[in-house]
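Below is one structure; the comments refer to it alone.
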Amino acid sequence: MNDISDKENSKTVIFMKNLVEKHLLNATVVNIEWERVTVFLDVRVDFSPEADKTKPLTFYAVNGAYKARAIFHEDSVNGNIYRLSLNVTNVGNARCLPTGNYSLVVCQDTNILAVAETDVDLALNFDEHSRTFPYSGKARRKIYTVTFFIKGWADTLPFAIHILHAKETGMGDIYAPRKKVRFIAKQKKKFKALKKKYAFKLLQKMYDHYRRKYKNNKNTVLFLSESNHNVSSNLKAVEKRMQERGLDKKFTVLTFSWLPDKRDIYNIWQRIRNQRILMKNIAMANIIFVDNYVPAFTRIKIDLKNTTIINLWHAGIGFKAVGYSRWGHLAASAPFFGHRIYTYGVCGSKRVAGAFSEAWGINIERVLPTGMPRMDKYLDKMHREMKTKELYEQFPICKGKKVILFAPTFRGNNRPDAHYPYEIIDFDKLYDLCGDEYVVLFKMHPWINQPVPIEKYGDKFLDLTSYHDINNLFYITDLLITDYSSCIYEFSLMHKPMLFFAFDQMQYSISRGFHHDYRLAAPGKVCNTFDELITAIKTKDFEFNKVEEYVSRNFDVVDSNSSDRVIDWFLLGKIPKQYINEIKARDEQIRRMERLDFISLEPKEITDDDFSEEG
């Protein structure tokens, strides 16, 4: 249960006082930049001698109904240039900036000091800075647009932002087949939508029924995965540690995992049975741990006042953008998505919390640096020694050799079309490179069904795609070759070199998107061709210094206590006061913003008195 924001402040409206005509300051937007879903505005603020420069300024996005819908974050102040930022997919309440026309309003406390103008040169190039974000499925039939324009007919250049959520109008393709064919296709689409609507209603009724039945449940914990065949990774680590500490006697522990295969997809009764069990488990729990996206969270409304949901994300921070960081790319998340409802998420370091926050569409204050629970066993000395011995016995080809582990991510949009272009690898060159020094292990992404074509290289190559835990392989690996995979997170703690085979870096960046500049963020040398990769191995040109920089940036603490922190903070209610206060402050800021009324900005109605001699 979330005890941080249970008590809401008064709903009393706060009327903002209009002091614009006093000309205490002028604000002009001089530059616009984008970083994925975050827009940056450079605003020049010129103060008059009468202005009070000691009090901080607040910048609001105010709509046509004179209500604030977002607060811009002040990133920096350089002289009189304020650097502002706003994530348009999460304006502080886990929602996108709503449809409407917005002014940028500058305030001090409850005083409105200025409505921002636009620099002339910037206004002439507004089209370059506006953005359209397609989302929701392969059809790309819905968009979210951010357009900058000059508001109204005025002698000045009032800065404005237009937000629009839109979907296809149904006009269709004028070159489509016969009218009858178009009609049939349209009816099929309507039937599919209707079927989905009633399926979701059924799920909601199931959940509501069980929630009423188990509403008084206390200390009930659910470990939930809809992306794996069993509860594993971070979820399993926390569950096991609870048992070791005897907390399974204090808490009722539930587990549910179901990754449907083709037989389940076409077996309607099996699907209904599993969905009923899932709804029952979600309804019974007041604390839910998940490890990835849970489709059910998008399909039903959950009792969030009495349920705490924590995402123990299955991967550390990598390169590729996920969730809302992918807006504008194929199959991007819809404006409301299951990630939105997390009470908390976990990460390894506060310095990288922003990447998780952006992907899930929740506030950064709610992403806490517990570390990754699955790393506890990975960093345990005895476990490492035991697994190293097992691996050499299981794969004797590795004894006395340096081990290269080739572990790239998949290509494609999702599981159904996941693949890897093996033709890009020159297996003969790699085999010759090994000589008497190396062996190569291939650990492909589990979504890739095509085996690695290495049958004739069996004395030096091994396909270990089916091996259950890549982390164990890191113990005997001397060099990791990957591309955009998050496996670098765990491997970096081995303090061994990495190479990055990014033959499709440009295409991947455009189609998938990156969190950071790839070449700067990669903790090793980036190779764009296979020949570059071979040369880097031969010359041992790994740019190894980047590994330590990566570790210091991504890990606040390196120990075997992450599971204990998750248990202490989220189950036993011992979140450090620093983080509690940050969450409270952010929540209060949003609640206060929602009470502000900017009606004083409304133009006065023109009367006969305005044309009198005195007027």
Side-chain angles (χ1 to χ4, degrees), residues 1-16 37-41 52 54-62 67-77 82-97 104-113 304-305 307-311 324 339-347 349-370 556 565-566 568-570 572-598:
M1 184 168 59
N2 181 8
D3 59 355
I4 290 174
S5 57
D6 282 348
K7 295 181 180 179
E8 294 190 6
N9 283 1
S10 168
K11 297 292 184 180
T12 306
V13 175
I14 302 173
F15 290 98
M16 304 294 285
V37 293
T38 298
V39 61
F40 294 87
L41 305 180
D52 184 355
T54 62
K55 293 182 179 179
L57 300 179
T58 310
F59 299 81
Y60 295 101
V62 177
K67 300 293 183 182
R69 290 292 178 256
I71 304 173
F72 282 84
H73 183 265
E74 184 184 298
D75 289 344
S76 64
V77 181
Y82 286 68
R83 180 77 164 182
L84 309 179
S85 64
L86 180 69
N87 179 345
V88 296
T89 67
N90 176 23
V91 294
N93 57 0
R95 293 292 184 271
C96 298
L97 187 61
L104 178 60
V105 180
V106 188
C107 301
Q108 271 183 341
D109 296 330
T110 57
N111 295 324
I112 304 171
L113 302 189
L304 295 177
K305 287 185 178 180
T307 309
T308 297
I309 302 176
I310 304 103
N311 193 338
Y324 288 103
H339 290 316
R340 295 280 201 191
I341 68 174
Y342 304 144
T343 316
Y344 306 104
V346 304
C347 63
S349 165
K350 261 298 184 182
R351 281 164 289 186
V352 299
F356 294 85
S357 165
E358 180 181 283
W360 297 331
I362 67 174
N363 291 346
I364 191 172
E365 293 83 6
R366 293 185 175 272
V367 181
L368 304 183
T370 61
D556 283 349
R565 278 189 288 273
V566 168
D568 292 341
W569 292 13
F570 304 128
L572 303 182
K574 297 180 181 178
I575 298 176
K577 194 171 183 179
Q578 169 195 351
Y579 301 131
I580 291 286
N581 291 339
E582 288 174 359
I583 295 171
K584 281 184 176 179
R586 181 62 166 156
D587 290 349
E588 170 56 27
Q589 182 189 48
I590 297 303
R591 283 196 295 269
R592 184 179 184 278
M593 179 198 74
E594 291 171 348
R595 294 161 53 204
L596 302 181
D597 193 316
F598 289 79

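Residues take their numbers from the sequence shown, with the count starting at 1. Note that the coordinates shown come from a computational prediction; the quantities given were computed from them, not determined experimentally.
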Start with the C-alpha distance between Y344 and I583, add both sets of side-chain angles, then the distance that settles side-chain contact (heavy atoms from CB on, under 4.5 Å), and finish with yes or no.
CA-CA 10 Å; Y344 306 104; I583 295 171; 3.8 Å; yes
Mind checking side chain to side chain contact (heavy atoms under 4.5 Å, CB included) for [X] and listing every partner two or more places apart, or none if nothing turns up?
| X | value |
| --- | --- |
| N581 | K577 |
| E594 | N93, I590 |
| A353 | C347, K350, I364, V367 |
| T110 | I14, M16, R592 |

What pairs with [X] under side-chain hydrogen bond (donor to acceptor under 3.5 Å, both in side chains), at least two apart in sequence or on another chain?
| X | result |
| --- | --- |
| Q589 | R586 |
| N111 | none |
| T38 | none |
| T89 | N87 |

With heavy-atom distances below 4.5 Å as the criterion, would you say the side chains of [X] and [Y] are in contact?
| X | Y | result |
| --- | --- | --- |
| R69 | L97 | yes |
| D568 | T370 | no |
| T343 | F570 | no |
| R366 | Y342 | no |
| N311 | W360 | yes |

R340 side-chain N/O to G361 backbone N/O, donor-acceptor pair under 3.5 Å:
yes
Just verifying a value: how many Å separate [X] [atom1] and [Y] [atom2], rounded to the nearest 0.5 Å?
| X | Y | atom1 | atom2 | answer |
| --- | --- | --- | --- | --- |
| F59 | I71 | CZ | CD1 | 12.5 Å |
| W569 | I580 | CH2 | CD1 | 10.0 Å |
| H73 | L86 | NE2 | CG | 11.0 Å |
| T307 | I341 | OG1 | CD1 | 8.5 Å |
| L57 | Y82 | CG | OH | 4.0 Å |
| Y60 | L104 | OH | CG | 12.0 Å |

How would you list, by chain and number, every residue that makes a salt bridge (charged side-chain N to carboxylate O under 4.0 Å, His left out) with [X], sequence neighbours excluded?
| X | answer |
| --- | --- |
| D52 | none |
| D75 | none |
| R83 | E33, D42 |

Which residues pass the ring-ring contact (aromatic ring centres under 6.0 Å, His included) test with F72, sequence neighbours left out?
none
